Amino acid sequence: QVQLVESGGGSVQAGGSLRLSCAASGYVPSSICMGWFRQAPGKEREGVASIDMDDNIRYADSVKGRFTVSQDNSKTILSLQMNSLKPEDTAMYYCALRRWSYVCWSGSYTYWGQGTQVTVSS
């Protein structure tokens, strides 16, 4: 079983920055995809960024150039640096993990964190 624990959410003014972290524990497969997702009230969950064990990265167009996803050397800590935050970035942000596939961006994820709230005010 894999456990994902997220931290770093909070409230920030538009234009500010936050850094989210996700720690994976338990039995983590050797080859994985990890991703960040978000869900705003009344909206469907959307992908924010994905990264694989070789640091192949994709971003949603809405965050490209503002957000940066990264892994530590152990590949068990996932981070999301969020800069130039906008009110439309307000959402619950989730960390997720799955066994590696060719479609980390679009594939379904198996394990999910509890979420961390990000609120951006005007």
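Owing to the predicted nature of the structure, the values given are computational and were not obtained by experimental measurement.
Atom CG of residue N56 and atom CH2 of residue W100 lie 9.0 Å apart, to the nearest 0.5 angstrom. To the nearest 0.5 Å, atoms OH (Y109) and CD1 (I32) are separated by 9.5 Å. A distance of 9.0 Å separates OG1 of T76 from CD of Q71, quoted to the nearest 0.5 Å. With rounding to the nearest 0.5 angstrom, the NZ atom of K86 is 15.5 Å from the OG atom of S121. Distance check, rounded to the nearest 0.5 Å: CD of E88 to CZ of R38 gives 8.0 Å. Put simply, CZ on R45 and OH on Y94 are 7.5 Å apart, with the number rounded to the nearest 0.5 Å.
Grouping the Ile, Leu, Val, Met, Phe, Trp and Tyr side chains by contacts below 4.5 angstrom, directly or via other members, places L78 with L4. There is no path of hydrophobic side-chain contacts, each under 4.5 Å, that joins Y111 to W105. By the criterion of side-chain heavy atoms lying less than 4.5 angstrom apart, applied directly or through intervening Ile, Leu, Val, Met, Phe, Trp or Tyr residues, L20 is grouped together with V2 in one hydrophobic cluster. No continuous path of hydrophobic side-chain contacts links F37 to I51 [ILVMFWY only; heavy atoms under 4.5 Å]. Grouping the Ile, Leu, Val, Met, Phe, Trp and Tyr side chains by contacts below 4.5 angstrom, directly or via other members, places L80 with V118.
A 4.5 Å side-chain heavy-atom check between M34 and V28 finds every atom pair outside the cut-off. Annotation: side chain of P87 is in contact with side chain of S122 (closest heavy-atom distance under 4.5 Å). Counting only heavy atoms from C-beta outward, the side chains of M82 and W36 never approach each other to under 4.5 Å. Residues C22 and Y93 form no side-chain contact, since every pair of their non-hydrogen atoms from C-beta on lies 4.5 Å or further apart.
Taking a 6.0 Å sphere around CZ of R99, one finds it holds 12 or fewer heavy atoms contributed by other residues, nucleotides or ligands.
Judged purely by atom type and a 3.5 angstrom limit, Y59 uses its side chain to pair as donor or acceptor with the backbone of V69. Looking only at distances, a side-chain donor or acceptor of R98 sits under 3.5 Å from a matching main-chain atom of S108. Distance alone, capped at 3.5 Å, is enough to place a donor-acceptor pair between the T90 side chain and the V120 backbone.
The two residues D89 and S84 have their closest heavy-atom pair at OD2-O, 4.4 Å. Minimum interatomic distance between S17 and Q81 (heavy atoms only, all atoms of both residues): CB-NE2, 4.0 Å. Residues D52 and D54 come closest through the heavy atom pair OD1-N, 2.9 Å. In this structure, S79 and S21 approach most closely via the heavy-atom pair OG-OG, 3.9 Å. In plain terms, the two heavy atoms of A91 and Q117 that are nearest each other are O-NE2, 3.3 Å.
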Can you give each donor-acceptor pair under 3.5 Å made by side-chain atoms of residues 5-16, sequence neighbours left out, with the distance rounded to 0.1 Å?
from	atom 1	to	atom 2	distance (Å)
E6	OE1	G115	N	2.4
E6	OE2	C95	N	2.1

